[in-house]
Every structure is written in C-alpha cells, then in structure tokens.
Amino acid sequence: MTTPLSEIALKAHAWPFEEARKLLARGVKPGREVIFETGYGPSGLPHIGTFGEVARTTWVRRAFQLMSDVPTRLIAFSDDMDGLRKVPDNVPNKEMLTAHLGKSLTSIPDPFGTHDSFGAHNNARLKVFLDRFGFEYEFLSSTECYKSGRFDEALLTVLRSYEKVRDIVLPTLGPERRATYSPFLPVSQKTGVVLQVPTLETNIAAGTIVYEEDGKKIETPVTGGAVKLQWKADWAMRWLALGVDYEMAGKDLISSVELSGKIVRALGGKPPAGFNYELFLDDQGQKISKSKGNGLSVEDWLTYGSEESLALFMFQKPRAAKKMYFDVIPRAVDDYIAFLDAYRKKETEDAQHLENPVFHIHSGKPPAETYPVSFALLLNLVSASNAHNREVLWGFIRAYAPDASPEKNAGLDKLVGYAIRYYEDFVKPTKKYRSPTDNERAALTALAEKLKAFGDERDAEKVQFEIYEIGKAYKFEPLRDWFKAIYEVCLGASQGPRFGSFAALYGCTETANLIERALAGEFLQ
C-alpha cells in the first residue's frame, strides 16, 4: 500500500518541511487561516533578494499545505507609507524627488511619469515581478491599510501600550535618537513629511497623541493614516493586525526581528515563526549591496541561465552565505538538470521525491523534460566549434542525440541560447591556451589518433575509457592532470565536463582535428 504524500511530508528533512513543522507545532485556531508574509520596501525596484524571499516563503507554504488542510494565504506587503530617506541612483528626475524627501512614497510624484505616485509605480513593478514567476500572493499596501482603518485597532493597542513599546526600543538607540524617539511618526498636516519628533502627550481615551511642529502643539489621531509607526514597531503592529504566522528575514535583521518580537508580545500578540537567511556575497566575498552595484539582478541571471536554475540557487542552503556572481550560473543550471533527472528516474512519489529541490521548485509537478546535453558541454561545444547560432549547435546535438529537437526539448533550446551569450561575455574573454609539455604532446597525439579511429562513435563512456587508458599509459599522476592538460592546451580553460562526453557530442573526428590544431600552435597568441 502506497504511503500518502501527507504522511511522508511529516517526516521529510528538506528545509521547507522543517519550517512547516514549526507552524504545526504552534497550533492553529479552528476556523482561522495560516498567514505567511513577505515584506517589500518600495523606495527601490524589486531585486533578486525580493525574489528569494518570496520564493522561499512560497516553498514553506506549500510544504505546510502538504501537511495540513488548514487554509493559507501569502501576503506580499509593501511598506509604501514609509518616508523617502534618500533618492535612489537608478531613477529619473532626481531633483524632483529630492524636493519630496521625507514624504510617504505614495505621496511623492512618480519620477517615471506612469503612475499616481512613486510608491504606486514601484508597487506595480513588484506585482509584475511576482506575476512573472507565477507566485500566488495577496498584495497589501501599507498606505491603504493605514488609511482604510484596517490597522486602527492595532494602532490603538500600540497607544495603550505606549510606554511598554518605548521602553523596549529605547535601550537599542543612541543618545541623540533616544531623546526624540516615539513609536508614532506623525504625518505633517502642513508638508506631508513623516516626522520623527517626540510624542509630548498621549490620550488613550481620545485615541490621539500630541507633538510639536514649528513651535505649535498639534493633537492628531493615531488612526486613519494620520501617523506612521517607526518601522520596528510597525513590523510588530503588522504581525498583530494581520495575524502573521510566518515571516523570514535576512541575517542582517536578526536584532530587529528579536526587538519586534518583544514589541508584539507587549501588545498581546505572538511573533511569527520563521528563520533568518544568510546574505549573498560577491566574487570577493563581500556583502552584496544595491548601492555598490556588486551583485546580480534577476535580469542578469536570466540573461545567462533559466528561472529554474535561479530558483535552485535560492533553494539550496538558505542559511549559508553563498557567493552570487556570474560564474555560479553554469553550475546552478547543471545542478538543476541533475536534480530533474534524478527525480524523473523515481517512478512513484516517495521520501526521496520530497527531498529533491525540483519537487519544491515546480510545486510537486516537475516537467518530464529531458536534457541530453549539459550546459557545461554546450559551453565547450560553442568554444570548440566557434558556432554562434542555434542551428549549428543543434546540428551537433542531433548527431549526438538523434531524438532531440528544439520542439521536443524546449528547455535545452533555451540553454543553447544561454550558452552562446555566456560564452561570448564570460568564457571567451578569459580563454588562455598554453603549449604542451613533451609528454603531454605525445599523449595528445596518441589521443588524436585514437579519436580518428573511433570515427562516428557517439558512446561517451567508450570514448572516456580510452582517454583514461592513454592518461595512464603516459603516466600522468594524478590522472586529473591529464584532463587539465587537455583542456588547457585544446580549449584554453583549466577544467570542463567529462572530455569523453564532449568528444561524443562534438564528434570524435572533429575533436581529433581540434587537438591537432592545438598541437600546431594555432590557438596560441
């Protein structure tokens, strides 16, 4: 008898299931949904970190749905009532934006001229961004929640707990900020700026606070969008108001998560479950920064690799710091292909299926698509053949895998395009050929003769065996130095995929000719 998938999920070890079990352990009140949340600061455009957070939260949500029949929702929350602190570098009309610094993002004109406000423009970009990847979510605007009254009861709870909230936050502030701190940031009735001024009085019965602006005391309600909470208090209030059960955050926000957790407890609520994911590093091991521009954008990645490879990179080891730069894309593409192949080899759903990343990436329904050629092999094929169009590359692929075609293998056809672009932009500029040593020359000459004798052989394992035998016959120790010599002399790289697979794809005769050209010094500069 087949074990139900829901029972397998309860014991699965993949990290989304571990996170989902945290939610089960919290308990769910009858008749209530489980709410997942991701946050977005719309002072800038959506970026690769936004994708990562929504994707990871979605995987936890789906894992939970396998374990429980309790309904769930994913809220994509935009903190668009926040005041604009500085003008982003990647927007037009910067002078206009500078004149509106301090105002809520939804009160500032759109520098792109396409929406009612800067906040509305970036919110629209967020929704297009999330829809592109097929995420299922409910969008919520901070401005709308404040102004519609949705947050009113929670804001009044903060007012009733004013001193508790203030006392939690004050020890974390410097002397200057401590002197003016208030969880309530009034929106100036005169300028529209979100003010960071002291609260002089609180009136719980009236639901108001008193602050001073331009030497005048002003009493304003804390409801209806007249104030905006300082962000750590705002985060806690949002958890309370929306009933958030799960939200993850970057490692740089650990202290903020802890502080907001204390605040929501003081308000009578419960902090959501979640975890802190590690931040991405550049190729030098430095933290990726939007202002430095030392990271990849989603568009950068998708120029050279598939959406599935990006999702896989986000899925693997979310609590480990990982370098994220162009060089990681080919490995991520081939890792995805390997996981998909492993999933497809299992005929029935079992524990191994649930541990496989492609189960999560494709919502439990990975495609039946096959990839007879890896991305690494395609890159070397482009290099060896000097081919720069799909038709030529597909000619080699069809000779190697006669049943393959762009129509049957749409994913592979995309990889062909990625390989051409990646080779031109990253591989070709770094190629460096070298002359062989006397022993390497003799071994490569023997390999060329063996490959000529193979003719139209397409059995990669058979070819690989003979390459090994030649390496051993010429006493390469360790044997990997033999393969390193092949790639450095013939392809201008220090490593690559299994050379037997490459020769079977490119053609044994063509590969022999490539070796002879390298030995003749044609590739040396």
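As a basis for the values below, the full set of heavy atoms in this structure was taken, side chains included, without hydrogen atoms, waters or symmetry mates.
Using modelled atom types and a 3.5 Å distance limit, the side chains of Asp131 and Tyr137 yield a donor-acceptor pair. Judged purely by distance below 3.5 Å, without hydrogens or angles, the side chains of Tyr343 and Gln352 never pair a donor atom with an acceptor atom. Side-chain atoms of Trp301 and Ser309 form a donor-acceptor pair, as typed in the model, at a separation below 3.5 Å. Between the side chains of Ser501 and Gln464, no donor N or O sits under 3.5 Å from an acceptor N or O. For the 3.5 Å distance criterion, the side chains of Lys431 and Ser383 qualify, holding a donor opposite an acceptor. If you check the side chains of Asn513 and Thr509, you find no donor sitting under 3.5 Å from an acceptor. Looking at Asp300 and Ser297, their side chains do bring a donor and an acceptor atom within 3.5 Å of each other. The closest side-chain donor-acceptor pair between Glu440 and Tyr474, if any, does not fall under 3.5 angstrom.
Side-chain atoms of Arg344 come within 3.5 Å of backbone N or O of Glu369 as a donor-acceptor pair. Between the side chain of Ser68 and the backbone N or O of Gln65 there is no donor-acceptor pair closer than 3.5 Å. Side-chain atoms of Ser260 never come within 3.5 Å of backbone atoms of Val257 as a donor-acceptor pair (strictly under, hydrogens ignored). With hydrogens and angles disregarded, a donor-acceptor distance shorter than 3.5 Å links the side chain of Arg21 to the backbone of Leu10. Although no hydrogens or angles enter the test, the distance criterion places a donor-acceptor pair under 3.5 Å between the side chain of Arg390 and the main chain of Asp413. Looking at Glu355, its side chain does come within 3.5 Å of a backbone N or O of Ala14 through a donor-acceptor pair. Side-chain N or O atoms of Glu457 include none that pairs as donor or acceptor with a backbone N or O of Ala504 at under 3.5 Å. Looking only at distances, a side-chain donor or acceptor of His47 sits under 3.5 Å from a matching main-chain atom of Gly49. One N or O on the side chain of Asn409 and one on the backbone of Thr370 form a donor-acceptor pair closer than 3.5 Å. Side-chain N or O atoms of Arg421 include one that pairs as donor or acceptor with a backbone N or O of Thr303 at under 3.5 Å.
The heavy-atom pair separating Val416 from Leu378 by the smallest distance is N-CD1, 4.0 Å. In this structure, Pro111 and Asn93 approach most closely via the heavy-atom pair O-ND2, 2.5 Å.
Atom CD in Glu477 sits 11.5 Å away from atom NZ in Lys472 (nearest 0.5 Å). Between the CD1 atom in Ile337 and the OG atom in Ser374 there is a gap of 6.5 Å [rounded to 0.5 Å]. Atom OG in Ser141 sits 12.0 Å away from atom OH in Tyr40 (nearest 0.5 Å). Between the CG atom of Leu447 and the CD1 atom of Ile515 there is a distance of 4.0 Å, given to the nearest 0.5 Å. Note that CD1 of Ile467 and CD1 of Ile486 are 5.5 Å apart. Values are rounded to the nearest 0.5 Å. Distance CG/Leu415 to CD1/Ile420: 11.5 Å, rounded to 0.5 Å.
Geometrically, Lys251 does not engage Tyr277 in a cation-pi contact defined by less than 6.0 Å to the ring centre and at most 45° from the axis. Cation-pi geometry between Lys428 and Tyr423 is not met at under 6.0 angstrom from the ring centre and within 45 degrees of the axis.
Ring orientation note: the planes of Trp239 and Trp235 are tilted relative to one another, at an angle of 30° to 60°. Between His115 and His121, the ring-plane angle classifies as perpendicular under the 30° and 60° cut-offs. Aromatic ring orientation, Tyr418 versus Phe375: perpendicular (interplanar angle above 60°, classes split at 30° and 60°). Using bins of under 30°, 30° to 60° and over 60° for the plane-to-plane angle, the ring pair Phe64/Phe36 lands in the perpendicular bin. Relative orientation of the Phe483 and Tyr468 rings is perpendicular, given thresholds of 30° and 60° on the angle between their planes.
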Under the side-chain hydrogen bond (donor to acceptor under 3.5 Å, both in side chains) rule, what do Asp80 and Thr106 come out as? Steps first, then yes or no, please.
CA-CA 6 Å; Asp80 56 17; Thr106 45; 4.7 Å; no
Verify salt bridge (Lys or Arg N to Asp or Glu O under 4.0 Å) between Lys452 and Glu516, making sure each step is shown before the conclusion.
CA-CA 11 Å; Lys452 283 181 181 178; Glu516 289 178 342; 2.5 Å; yes
Start with the C-alpha gap between Lys322 and Glu278, add the side-chain angles, then the distance that decides, and say whether salt bridge (Lys or Arg N to Asp or Glu O under 4.0 Å) holds.
CA-CA 8 Å; Lys322 293 186 290 186; Glu278 262 288 2; over 6 Å; no
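Asp456 CG: 12 or fewer foreign heavy atoms inside a 6.0 Å radius. Other residues, nucleotides and ligands place more than 12 heavy atoms under 6.0 Å from the CZ atom of Arg398. For Arg125, the CZ atom sits in a loose shell: 12 or fewer heavy atoms of surrounding residues, nucleotides or ligands are nearer than 6.0 Å.
Residues Asp245 and Pro272 fail the side-chain proximity criterion, which asks for heavy atoms closer than 4.5 Å. Here the side chains of Tyr433 and Val489 are not in contact, with every heavy-atom distance at 4.5 Å or above. In this structure, Val358 and Leu312 have side chains that are not in contact, with every pair of non-hydrogen atoms separated by 4.5 Å or more. A 4.5 Å side-chain heavy-atom check between Tyr246 and Val34 finds every atom pair outside the cut-off. In this structure, Ser43 and Leu105 have side chains that are in contact, with non-hydrogen atoms separated by less than 4.5 Å. Taking 4.5 Å as the limit, some side-chain heavy atom of Ser385 sits within range of a side-chain heavy atom of Leu393.
For Asp334, the salt bridge (charged side-chain N to carboxylate O under 4.0 Å, His left out) criterion is met by no residue, not counting sequence neighbours. For Tyr304, the ring-ring contact (aromatic ring centres under 6.0 Å, His included) partners are Phe326, Tyr422, Phe426, not counting sequence neighbours.
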In a table with atom names and distances, give each donor-acceptor pair under 3.5 Å that connects a side chain of residues 490-499 to protein atoms at least two apart or in another chain.
residue	atom	partner	partner atom	Å
Arg498	NH1	Glu461	OE2	3.2
Arg498	NH2	Glu461	OE1	3.3

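Taking the six-membered ring where the residue is Trp, the centroids of Phe315 and Trp59 are separated by under 6.0 Å. In this structure, Tyr506 has its ring center under 6.0 Å from that of Phe396. Aromatic ring centres of Phe339 and His360 lie farther apart than the 6.0 Å criterion allows.
Under the salt bridge (Lys or Arg N to Asp or Glu O under 4.0 Å) rule, Arg61 has a single partner from Glu33, Glu37, Glu19, Glu136, which is Glu136.
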